[in-house]
Amino acid sequence: MRFLPHTDADRSAMLQTIGVKSAAELFADIPAQLHIKEGSLNLATALHEAGIVRKFTAAADANRHAGNTRCFLGGGTYHHFVPAVVDYVISRGEFLTAYTPYQPEISQGTLQTLFEFQTMVARLLNMDVANASMYDAATAVAEAALMARRITRRHRTVVATSVNPRYRAVTRNYLSWLDGEEIEVPCTGFATDLEALIAAIDDNTASVIVQYPDFYGSVYDLAPLREACDRHGALMVVSFGDVSAFGLIEAPGSFGADIVCGSGQALGIPMGFGGPHIGLFACRQKHVRQMPGRVCGMTEDADGRRGFVLTLSTREQHIRREKATSNICSNQGLMCTANATYMTLLGDAGLATVAQRSAAALAQLVAGLPAHVTAAGGARYNETVLSFESNAVRDRFLKLAEERAIFAGIPLEKIDPDASNEHLLVATTEMIEATDIADYLTALEASK
Amino acid sequence: MRFLPHTDADRSAMLQTIGVKSAAELFADIPAQLHIKEGSLNLATALHEAGIVRKFTAAADANRHAGNTRCFLGGGTYHHFVPAVVDYVISRGEFLTAYTPYQPEISQGTLQTLFEFQTMVARLLNMDVANASMYDAATAVAEAALMARRITRRHRTVVATSVNPRYRAVTRNYLSWLDGEEIEVPCTGFATDLEALIAAIDDNTASVIVQYPDFYGSVYDLAPLREACDRHGALMVVSFGDVSAFGLIEAPGSFGADIVCGSGQALGIPMGFGGPHIGLFACRQKHVRQMPGRVCGMTEDADGRRGFVLTLSTREQHIRREKATSNICSNQGLMCTANATYMTLLGDAGLATVAQRSAAALAQLVAGLPAHVTAAGGARYNETVLSFESNAVRDRFLKLAEERAIFAGIPLEKIDPDASNEHLLVATTEMIEATDIADYLTALEASK
Amino acid sequence: MNDTRYSGVAGLMHEEPLLFERAHKAATSISLPGVEGDTPAALAGFARKQAAGIPGLSEPEAVRHFVRLSQWNHGIETGFYPLGSCTMKYNPRVHENLVRLPGLAHLHPDQPEATAQGALALLFELQEWLGEIAGLPHVTLQPAAGAHGELTGIMMIRAYHEARGDTKRRIVLVPDSAHGTNPASAALAGLATVEIKSGADGRIDLDELKAHLSDEVAAVMLTNPNTAGAFESEIVEICRLVHEAGGLVYGDGANLNALVGVARPGDMGIDCLHINVHKTFSTPHGGGGPGAGPVAVNEALAPFLPMPRIEKSGDHYHIVHEAANSIGPVFGSVGQVGVLLRAAAYIAAFGREHLHKIATDAVLNANYVLARLKDAYHVPFPGLCKHECLLTDEIQNHHGIKTLDIAKRLIDLGFHPMTVYFPLIVHGAMLIEPTETESKATLDHFCDAMLEIARDCEAGNVEALHEAPLMPVRRRLDETQAARKPVLVWQD
Amino acid sequence: MNDTRYSGVAGLMHEEPLLFERAHKAATSISLPGVEGDTPAALAGFARKQAAGIPGLSEPEAVRHFVRLSQWNHGIETGFYPLGSCTMKYNPRVHENLVRLPGLAHLHPDQPEATAQGALALLFELQEWLGEIAGLPHVTLQPAAGAHGELTGIMMIRAYHEARGDTKRRIVLVPDSAHGTNPASAALAGLATVEIKSGADGRIDLDELKAHLSDEVAAVMLTNPNTAGAFESEIVEICRLVHEAGGLVYGDGANLNALVGVARPGDMGIDCLHINVHKTFSTPHGGGGPGAGPVAVNEALAPFLPMPRIEKSGDHYHIVHEAANSIGPVFGSVGQVGVLLRAAAYIAAFGREHLHKIATDAVLNANYVLARLKDAYHVPFPGLCKHECLLTDEIQNHHGIKTLDIAKRLIDLGFHPMTVYFPLIVHGAMLIEPTETESKATLDHFCDAMLEIARDCEAGNVEALHEAPLMPVRRRLDETQAARKPVLVWQD
Ligand SMILES: Cc1ncc(COP(=O)(O)O)c(C=O)c1O
Ligand SMILES: Cc1ncc(COP(=O)(O)O)c(C=O)c1O
C-alpha cells in the first residue's frame with residue numbers, strides 16, 4: 001500500500017522491540033468474537049492511483065457543471081470567479097496539512113492568516129469582531145440564535161421566513177431541543193415583511209433573525225428593525241447568503257446588527273456540490289465572550305515580537321466542556337485562508353466590481369423578461385424570483401434552457417417546501433456574461 | 001493589469017525620484033521613428049483571468065487526448081503514469097520559480113535534488129556520471145556526437161538508421177555546419193543491423209550512435225559493437241527513447257557505452273504535445289570535462305557542512321564562451337525535479353513493474369494479432385512495427401480504432417520519411433489495460 | 001541549539017507584515033469577468049457609504065504574502081505530527097486533484113439531480129462503505145465535523161426515546177476521559193451530562209457505570225479505544241448494561257483509526273457512531289478544518305437520521321429531503337462534499353484487501369513508540385495501547401520540567417509535539433499518535449529525541465528545555481495577555 | 001544578524017539527508033496500473049542483472065523529502081529576485097492550471113492532427129503574436145531556450161548566405177559585452193567569432209564595428225538593450241552598416257522586456273531575433289529551465305526556418321515537416337509546448353491594450369533603483385537605463401568589500417542578489433533587473449538594504465559582509481573543492 005512506509009522487515013523489528021510475536025497480539029485486548037476476518041468487509045477492491053483517477057474522472061465527466069453550463073443558480077451557493085492563486089495558496093502543504101494551531105510557535109502562518117481573515121470579515125460586515133469560522137451559514141445562524149439566548153437569557157427567537165429555508169430548518173432543529181419558542185414570521189411578495197416581523201417582537205424576545213439581502217434577493221432598510229429591537233431589548237441577528245453583496249450595499253453592521261452571520265462561499269470557494277463552504281460569524285466586541293467558535297488574537301512572544309495565538313479558549317469545549325458556548329472543535333480553517341486570499345486579491349475595488357456586475361447582470365435579465373414571466377419587484381441584489389403562469393410553462397423552460405447549457409434557476413419549492421411550483425429562484429454573478437443573458441432570454445421566449 | 005503592482009501614484013512618485021516628467025522620457029533614447037503607437041500591435045484584446053481559463057479550456061476540450069483515448073503511440077513520447085505527487089512537487093513555488101542555482105546558499109533545494117537526479121540517472125543507465133539535463137533526446141544525441149568529436153578529435157560520425165529519425169535529423173543538422181562526415185547505416189527488418197554498422201566503423205570514426213531499444217523497439221546485444229569500437233578507438237554512443245526500459249533490460253552502461261543519452265520523459269513527465277520533456281545525458285567519469293551542460297557537485301560550506309554547487313563551469317559558455325563544450329544555458333531544470341521525484345516514488349521495484357507491464361502489454365497485443373497483420377519479430381521492449389497488406393487497410397483500421405477511442409499507432413512514414421505507408425509504429429505502457437488490448441484487437445479484426 | 005541528529009535547523013525565512021501594514025492603496029489590479037452595466041437604480045439608496053477597508057494586493061504581492069506565511073507553519077508534509085487524538089496522517093496529493101475536477105468542484109447543490117449522478121454515486125458509495133466499516137449500516141453524511149456528528153447523534157438518540165414516549169431520559173453519561181466536545185454536544189442537545197470516573201486502568205469502571213445507569217439516562221457517550229489509547233475490553237458488557245437500562249450507546253469515532261478493518265463498533269453494541277473522516281480517512285486538516293463527521297447508526301436509530309440523504313433507486317441516485325421521523329437537517333447541504341470525496345478516495349485506495357492495514361500499522365507504531373519510551377517516561381496505564389500511547393511528565397517533574405517544556409523542546413528538534421494535557425484524567429498528559437503513514441526511521445528519530453530530553457532532565461541539563469523553542473520565527477507566546485485584552489482585529 | 005527592517009529572519013527549517021541516506025530498502029509501496037502478464041520470453045536474455053540501486057520512498061516520505069528540500073530555495077514567490085539579464089518576474093499561477101488541462105497535458109505529439117486542433121490553434125496564434133511583437137513576422141517555436149534560438153538563428157543566417165553562394169562569410173562579430181551563449185552558439189554553427197570592444201559608454205562603438213565589417217562577416221550578434229541595460233541608440237545605423245557590408249544582424253532577445261509593445265527589433269533592422277519566453281513572457285524558470293527560445297525572422301530568412309512548423313490553411317491547422325530550404329529540425333518536436341502555452345497566456349492577459357506596460361513598468365523600476373543607488377555605488381555608464389541597471393563595487397573596493405560580499409549580505413537580508421560579475425566589460429559588475437511585477441515597496445526595501453550596505457562599508461562595518469550569508473541553511477560553499485575533485489553522484 002503506497003501510503004504505508006514499512007517493509008515487512010521493519011514490522012518484524014518493531015514487533016520484537018515491543019516484545020510480541022505478531023501484529024495480532026497487539027489486538028489481543030479486543031475480544032475474539034469482535035475480530036472480523038481480513039478482507040471480509042463489503043468494500044470495493046483496492047485501486048491503484050491511476051485507477052482512482054479514472055474512477056473519479058469518469059464520475060466527474062458524468063456531471064454537468066458550471067464550467068460547461070451557464071449557472072443561474074443561487075439559494076445560498078453562488079458561482080463566483082475563483083482566482084487560481086486562491087487554490088494554490090490553500091494547496092500548499094504548510095497550510096493544507098497543518099492541524100488547528102495548538103502550538104502557536106510553529107503555526108504563525110495559519111494564525112496570522114486567521115487574524116487577517118477576522119479583520120477583513122469584520123470590516124466587510126462592518127462589525128467589531130469576527131470569529132475564525134463556523135461550519136456553514138445554516139449552523140452559523142443556529143449558533144447566533146443560541147448566542148443571543150445566552151446574552152439575553154431569554155428563550156424566544158423570532159425568525160423571518162425570508163431567511164433561507166435551510167438556515168431556518170437547521171436553526172429550528174437546534175432550538176427544538178431546548179426550552180423556549182421559535183416564531184417564524186411570514187413574508188409577502190418574496191420580500192421581508194418588516195412590519196409583521198417588528199410586530200412579532202416582544203420583551204421576551206432574545207433575537208430577531210433576518211436575512212439581508214434576503215433569501216429572495218430583496219434588499220431593504222434594517223433601521224426600523226434596529227429600533228424595534230432596541231425597544232424590546234432584543235438582539236438583531238442579520239444573516240446573508242451571498243456575502244459579495246457588501247461590496248455594493250450597506251453592510252449589516254452599519255444598521256447596528258448585534259450578530260451577523262452567513263456564508264463566505266462567495267469569497268473564493270467553489271460551489272463543490274454544497275461544501276466545504278464556510279460560515280462567517282461576527283459580533284460586537286462586548287459580546288465576544290459569548291461568541292461560539294475559535295478566535296485568533298494578537299500577542300507577543302518571549303522576545304517581545306508580535307505574534308498570534310488562539311485565544312478566549314475558556315469559552316470552548318475543551319476547557320469549559322458542557323458549559324462551552326458551542327461544541328465546535330474542527331471548523332472550516334482552510335476556508336478562512338481561501339477567503340483571506342480572495343479578499344486580498346480583490347480588495348475594496350475588486351469586491352465592489354464583483355458586486356456591481358452581479359447586480360447589473362440580474363437587472364439586465366429582469367429588464368429583458370418577456371411578458372409571460374414576472375420578476376419579484378423592489379430592490380434586489382443578484383437574486384430574484386421569476387414567476388410563470390404555470391408549473392408546466394416553467395418546467396418547459398427549464399428543459400429548454402438545459403438543452404442550451406443553462407441552469408436557469410432553482411424551482412423554489414425545492415428549497416422552500418411551502419412555495420408553490422411555478423416559481424424559479426434565479427441568481428447572477430460576474431461569471432454571467434451579456435451573451436449568457438441573451439441566451440437565457442431567448443430560451444424564455446421559446447418556452448412561451 | 002493584475003500582474004502590475006504600481007498605482008498611478010506610485011508611478012508618479014518614482015518618476016519624480018528619477019527626475020523625469022513622464023514614463024515616455026525613459027524611452028527617449030529610442031529613436032522616435034522606432035516607437036510604435038500604444039495599442040497598435042495586431043494582438044488580441046486583453047483577457048481577464050476567467051477569460052483566459054475559458055479560452056484555454058475551450059482549446060483543450062477541442063482535443064482528444066490520452067486521458068480519454070487509449071494511447072498506443074510512442075516514437076519517443078510515451079503515456080506512462082505520472083503520480084500526482086510529481087506534479088505537486090514541481091508546482092511548489094520554491095522549485096518552480098527559482099532561477100538556475102547561481103547562489104547556492106539559497107538554492108540548496110534545487111541543488112540537492114539535482115545531485116539526487118544525477119545519481120539516479122547514472123545508476124539507471126549504469127554510467128559513472130550524468131549531467132543536469134539537455135533540452136531533449138534529439139539535442140542530447142547531437143551533443144553526444146559533438147562530445148565524441150572533441151574527445152577523439154575525429155570527425156566522422158556513424159549513425160544507425162534505427163535511431164529515431166528525429167534524433168538523426170537534429171544530429172545531422174548540428175553536424176552539417178562542421179567539418180567531417182555523418183554516415184547513416186541502414187537497418188533491416190525494423191531492427192538494428194549490427195553487422196552493417198560494425199562494418200561502417202573505421203579508424204577515423206569518432207563515434208557510433210545506436211538506439212537501444214531502437215526506434216522500432218528492438219532489443220539486441222551491444223557487446224559486439226563495443227568490441228568493434230574498441231578495435232577502432234571509436235566511442236560508443238547509446239541513445240534511447242523510453243528510458244523505462246532499463247527497469248527491465250540491461251542498461252547501456254553495462255555494455256560499456258561511453259555516452260548514453262535519450263529522453264527522460266517516461267519518468268514522470270506528461271506527453272504535453274511534445275514538450276517540455278528532458279534529455280538525459282551520462283558518460284564515463286574520465287570524459288566529464290568534455291561533457292556538455294550543467295552539472296551539480298558535492299562540496300562543503302564555510303562551517304564544514306555538506307552542500308552542493310554547480311561545478312565544472314569552466315566547460316561552460318559563460319566562462320569559456322566560444323570554446324565552451326556547448327552553448328546550453330537554460331536547460332530542463334524542473335524536469336530533473338520531476339524525474340527525481342518520480343524515481344523516488346517508484347524505486348527499483350516500481351521501475352521494474354512499469355517496464356515489465358509495458359513489455360507484457362506489447363507481447364499480449366502481438367500474440368493476439370489477426371492473420372492480416374504482422375509484427376516485426378525478435379526481442380522488442382514496448383514498441384514494434386505492425387505491417388498491413390496495404391495502406392488502405394491500415395488507414396481503415398486507424399479510423400475504426402479512433403472511433404473506438406483508440407490512438408492505434410503512428411503511421412511510420414510520418415516520423416520516418418523513408419518508410420512506406422502500410423506500417424504502424426505501436427507502443428504500450430502500463431497505462432494500457434487488458435481491456436484496451438482486447439478492444440484494439442477487435443478493431444483490427446473489424447478492419448480486415 | 002542545533003543538534004544535527006534531528007532535522008530542526010536554523011535557516012533563512014521571511015518576516016511578513018500584516019496585509020494591512022503592507023498594502024498601501026485602495027485599488028487592486030485584479031481584472032474580472034461579467035457584464036458591464038449600471039448598478040440597478042433600485043439599489044442606489046442602499047449603496048455602501050464607506051468602503052470596507054480591505055486593502056488589495058496585486059497578484060504577485062498576494063502570492064508572496066501567503067507563501068511566506070505558509071512557511072511559518074509546520075504541516076504533516078514538513079514533519080512528524082504525533083498529535084494524540086488527531087490522527088495526523090499523510091494526505092494523499094492525488095485527492096487534491098480529484099476534488100478539483102471541474103465536474104466535481106463546480107457542481108451547484110441544487111442543480112438538477114440528473115445532471116449530478118456521478119457525484120451522487122460517489123457519495124452514495126461512501127455512505128455504504130462507512131456503514132460497512134462501522135458495522136452500523138445507516139449513514140448520514142451531513143455532519144460537518146466530529147463534534148457536529150456528536151450533536152446529530154445525541155439529537156437522534158433523544159428523538160428515539162421521545163418517539164417511544166420515554167421522555168424522562170435527560171441524562172448523558174460521559175467518562176471523565178472524554179473529549180470536551182462530548183459533554184458540550186450533549187448540552188447543546190438539551191441534555192444534562194454526568195461525568196463517570198475512569199477506573200485505575202483509565203478504562204470505564206463497570207461499577208461506576210452501573211451506579212449511574214437509570215431510567216433517566218438517555219445515552220452513554222464513550223470513545224473506544226478511549227482517549228488514553230486503551231481499548232475498552234469490556235465494551236460488549238458495557239453496551240449490554242446500557243441497553244438493559246434502556247439507554248443507548250453513543251460512540252465517539254475519533255479513534256476509529258485503531259479499529260478500521262479489524263473490528264466494528266456496531267458489532268460491539270454501539271448504536272451510533274460519528275466518524276471523523278479528517279482523522280481516520282486522511283482528509284487534510286487545513287489548519288483547523290474543514291472536516292466531516294458522518295454518523296452511522298443501527299436500525300433502531302435509522303428513522304431519525306437527518307435529512308437530506310442520498311438514496312438509490314434502480315440506477316438513479318436521489319437527494320431525499322423529507323422523512324417522517326427525521327430530526328431534520330443539521331447542515332445547509334448534503335455535507336462537506338469535497339472532504340467526503342477525499343475520504344472515499346482513501347478507502348478506495350486500500351479497498352477490502354488492505355483496509356485493516358491502516359489499523360495494524362497505526363497500532364504497531366504506537367506500541368513501538370510506547371515500548372521505546374516506557375522506561376524513560378511515566379506510563380500511567382501500562383499494557384498494550386492501540387493507535388496512540390499516553391505518557392506523563394511525572395518523572396521529569398522531579399527536575400522541574402513539565403510537559404509543556406518537553407513539547408516546546410521537540411519543536412526545536414524539528415517535531416510537532418504530541419497532544420499535551422489531554423486527556424484530563426492524568427496530570428501532565430502527553431498523548432502520542434504516530435499514525436500508519438510514518439516510517440520506522442521517523443519514529444526512531446522521535447524516540448531518540450524524547451529519550452535525549454529525558455536524559456537531559458536527569459542530568460539537570462534543562463536550560464534548553466525551559467527556553468524552548470528557540471528556533472522558530474516566534475518563541476513562546478503570551479497567551480494570558482492575548483486573553484486578557486483580546487485584540488481580534490487589526491486597527492489601522 | 002536579523003535586521004527587522006528587512007524580511008530576512010532566522011527560523012526553523014529541516015535538514016534533509018540525501019535520498020540514498022534516507023531510504024533503507026529496495027522496495028517501494030507504489031501501486032501501478034497495467035496488465036498482469038509475464039515478461040516476454042524474447043526479452044529474457046536481456047534481463048537487467050543488477051537492480052539500478054534506486055531507493056524508493058513511500059509516498060508520505062517522498063513528499064516530505066521534497067517539500068523540505070523546496071524550503072531551502074529562494075524563488076520569485078518567496079522574495080525579490082533582481083537577477084540582471086534573467087527577467088525574474090512573477091509567474092502567474094493560473095498558467096500552471098492551464099497547461100495541466102488534460103486536453104493539453106496528455107496530447108501525444110504524433111496523434112492525428114485533426115484531434116489536436118485546439119492545441120495547434122493556440123500555438124499558431126502565439127507564432128503570429130511573437131512575430132508581431134518582434135516586428136519579424138516569421139516564427140519558429142522549436143528552439144528550446146535562448147541559446148538554442150541563437151544557434152538556430154545563426155544556422156539560418158549561414159544557410160542564407162550559402163544559398164546565395166556567398167560562402168566565405170565565416171565570421172560572427174560579437175560585442176565583448178555579449179552573453180557567453182552568443183559566441184558559443186556561433187562556434188557551434190561552425191563560425192568563428194570576433195569580439196568587438198564596447199565604447200566608453202558600454203555601447204557598440206561604430207568605428208570599431210566598421211573596422212571589423214567585411215565580406216567575411218556573416219552576422220553581428222547584438223543585444224538591445226545591451227547587457228549593461230543601455231539601449232543601442234545607433235541601432236538603425238548599426239544595422240544599416242552591417243547590411244551594407246552584406247552581413248545580417250542577429251538580435252539576442254533576452255532583453256526584450258525593455259521593449260515589448262514599445263518598439264520592435266524588426267523595425268530597427270534586426271533580421272533575426274530569439275525570444276526567451278521564460279524571461280519576457282513569464283514562464284517559470286524552474287530552477288534552471290525549461291524555457292523556450294522561439295526565433296522570429298524577416299522575409300529574407302523565412303525560407304530557412306527549421307521544421308516542423310505550424311501552419312494554417314482555411315480553418316485547419318497543420319504541422320508542416322518539410323520545406324525546401326529549411327535548415328531542418330533543431331529539436332525533437334514542435335517545441336517546448338507547455339512553456340509556450342504559458343507565454344501565450346501572459347500575452348493574452350495584457351493584450352494589445354496593455355502589452356507596452358510590461359516595458360514601461362520594467363524600465364521605470366530599473367531607473368528608480370538606479371536613481372536611488374547611483375550616489376552610493378559606482379555607475380559605470382551613467383544616464384538612463386532600460387529594464388536593468390548596472391553598478392560596480394568600485395567604491396566599496398576601497399573598504400575591502402567586493403561584489404560577492406554585497407551579494408551574500410543581501411541574502412541575509414532576505415533578497416536574492418542581483419547578477420554578479422556580468423557583463424564582463426566592467427569590473428565587479430552588479431546587474432540589477434527588478435522587472436515590472438515588483439512593487440515600489442519592495443524596490444524601496446531593496447534600495448534601503450543596498451544603501452545600508454554602502455554605509456556599512458563607509459563606516460568600516462564590514463564583518464557581516466565578509467561573513468555573509470549567516471542565515472541560510474548553508475553558508476558560502478567551497479566551489480574550488482567541488483571543481484577540483486568533482487563528486488557528481490552519490491556512492492553508497
Ligand atoms: C476524541 C475526540 N472526540 C471528538 C473530537 C471532535 O472532533 P471534531 O474536531 O471533528 O469536531 C475530537 C477532535 O479532536 C477528538 O479527539
Ligand atoms: C543576454 C542573454 N543572452 C542569452 C541568454 C541565454 O538564454 P537561455 O538561458 O534561454 O538559453 C541569456 C540567459 O541568461 C542572456 O541573459
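Letters A, B, ... mirror the listed sequences (proteins, then strands); counts begin at 1. These numbers were taken from a predicted model, which means no experiment stands behind them.
The two residues B/Glu116 and D/Leu18 have their closest heavy-atom pair at OE2-CA, 3.4 Å. The shortest non-hydrogen separation linking D/Gly338 to B/Pro276 is N-CD, 3.6 Å. When every heavy atom of B/Ala359 is checked against every heavy atom of D/Pro40, the shortest pair comes out as O-CG, 3.7 Å. Across all their heavy atoms, D/Leu364 and B/Leu26 have their closest contact at CA-CD1, 3.7 Å. Here the closest non-hydrogen pair linking B/Ile410 and D/His108 is CD1-CE1, 3.7 Å. The shortest heavy-atom contact between D/Trp129 and B/Asn42 is CD1-O, 4.2 Å.
With a 4.5 Å cut-off on non-hydrogen atoms, D/Tyr90 touches chain B through its side chain but not through its backbone. At a 4.5 Å heavy-atom cutoff, D/Ala121 makes no contact with chain B through either its backbone or its side chain. For chain D, no part of B/Ile319 is nearby; none of its heavy atoms comes within less than 4.5 Å. For chain B, the nearby part of D/Glu96 is the side chain; its heavy atoms alone come within less than 4.5 Å. Only the side chain of B/Val309 comes within less than 4.5 Å of a heavy atom of chain D; its backbone N, CA, C and O stay farther away. Interface residue D/Leu32: backbone and side-chain heavy atoms are both found under 4.5 Å from chain B. For D/His416, the parts lying near chain B are the backbone and the side chain together; criterion is any non-hydrogen pair under 4.5 Å. Heavy-atom distances place the side chain of D/Pro469, and not its backbone, under 4.5 Å from chain B. In this structure, the portions of D/Val339 lying under 4.5 Å from any heavy atom of chain B include both its backbone and its side chain. Using a 4.5 Å cut-off between heavy atoms, D/Asp478 contacts chain B through both its backbone and its side chain. Neither the backbone nor the side chain of B/Ser358 comes within contact range of chain D; no heavy atom of the residue lies under 4.5 Å from a heavy atom of that chain. For chain B, no part of D/Val99 is nearby; none of its heavy atoms comes within less than 4.5 Å. Proximity to chain B (any heavy atom under 4.5 Å) is shown, for D/Leu104, by both the backbone and the side chain. Heavy atoms of D/Met268 lying under 4.5 Å from chain B belong to its backbone as well as its side chain. Interface remark: D/Leu370 contributes no atoms to any contact with chain B (heavy atom separation under 4.5 Å). The part of D/Tyr81 that comes within reach of chain B is its side chain, from C-beta onward, which places non-hydrogen atoms under 4.5 angstrom from that chain.
Highest contact tally toward chain B, considering only D/Ser282, D/Pro290, D/Ser185, is held by D/Pro290 [criterion: heavy-atom pairs under 4.5 Å]. Put simply, of D/Leu101, D/Asn365, D/Thr78, D/Val262, the one with the most heavy-atom pairs under 4.5 Å next to chain B is D/Val262. Annotation: maximal heavy-atom pairing with chain D below 4.5 Å, among B/Glu105, B/Glu94, B/Arg64, B/Glu322, occurs at B/Glu105. Each of D/Gly103, D/Gly351, D/Ala119, D/Gly45 has some count of heavy-atom pairs under 4.5 Å with chain B, and the biggest count is that of D/Gly103. Ranking B/Ile30, B/Thr17, B/Val89 against chain D, the residue ahead of the rest is B/Ile30, based on heavy-atom pairs under 4.5 Å. No other option in D/Ala42, D/Ala230, D/Pro306, D/Pro102 has as many heavy-atom pairs under 4.5 Å with chain B as D/Pro102. When each of B/Leu178, B/Leu248, B/Val85 is scored by its heavy-atom pairs under 4.5 Å with chain D, the top score falls to B/Leu248.
For the pair B/Phe3 and D/Glu436, the minimum side-chain heavy-atom distance is 4.5 Å or more. At a threshold of 4.5 Å between non-hydrogen side-chain atoms, the residues B/Pro104 and D/Glu479 count as touching. Using a 4.5 Å heavy-atom cutoff, the side chains of B/Thr311 and D/Leu488 are in contact. Residues D/Lys408 and B/Gln103 have side chains in contact (heavy-atom distance under 4.5 Å, counting atoms from C-beta outward). Contact check for D/Lys386 versus B/Asp29: side-chain heavy atoms found under the 4.5 Å cut-off. Side-chain contact between D/Arg158 and B/Trp177 is present, with heavy atoms from C-beta onward closer than 4.5 Å. A 4.5 Å side-chain heavy-atom check between B/Gln108 and D/Glu16 finds every atom pair outside the cut-off. In this structure the side chain of D/Asn73 reaches within 4.5 angstrom of the side chain of B/Phe95, judged on heavy atoms.
Using a distance-only test at 3.5 Å, with no hydrogens or angles considered, no donor-acceptor pair links the side chain of B/Asn327 to the main chain of D/Ala184. Not one N or O on the side chain of D/Gln481 forms a donor-acceptor pair closer than 3.5 Å with the backbone of B/Thr299.
Under 3.5 Å, the side chains of D/Thr360 and B/Arg11 contain no donor-acceptor pair of N or O atoms. Neither side chain, B/Gln317 nor D/Thr181, offers a donor N or O lying under 3.5 Å from an acceptor on the other.
Taking the six-membered ring wherever Trp is involved, the centroid distance between the rings of B/Tyr135 and D/His148 falls below 6.0 Å. Note: B/His79 and D/His106 meet the aromatic proximity criterion, with ring centroids under 6.0 Å apart.
With salt bridges taken as basic N to acidic carboxylate O contacts below 4.0 Å, one links B/Arg357 and D/Glu36. A salt bridge links D/Asp110 to B/Arg166: at least one charged side-chain nitrogen sits closer than 4.0 Å to a carboxylate oxygen.
For B/Glu38, the CD atom counts as loosely surrounded, since its 6.0 Å shell holds 12 or fewer non-hydrogen atoms of other residues, nucleotides or ligands.
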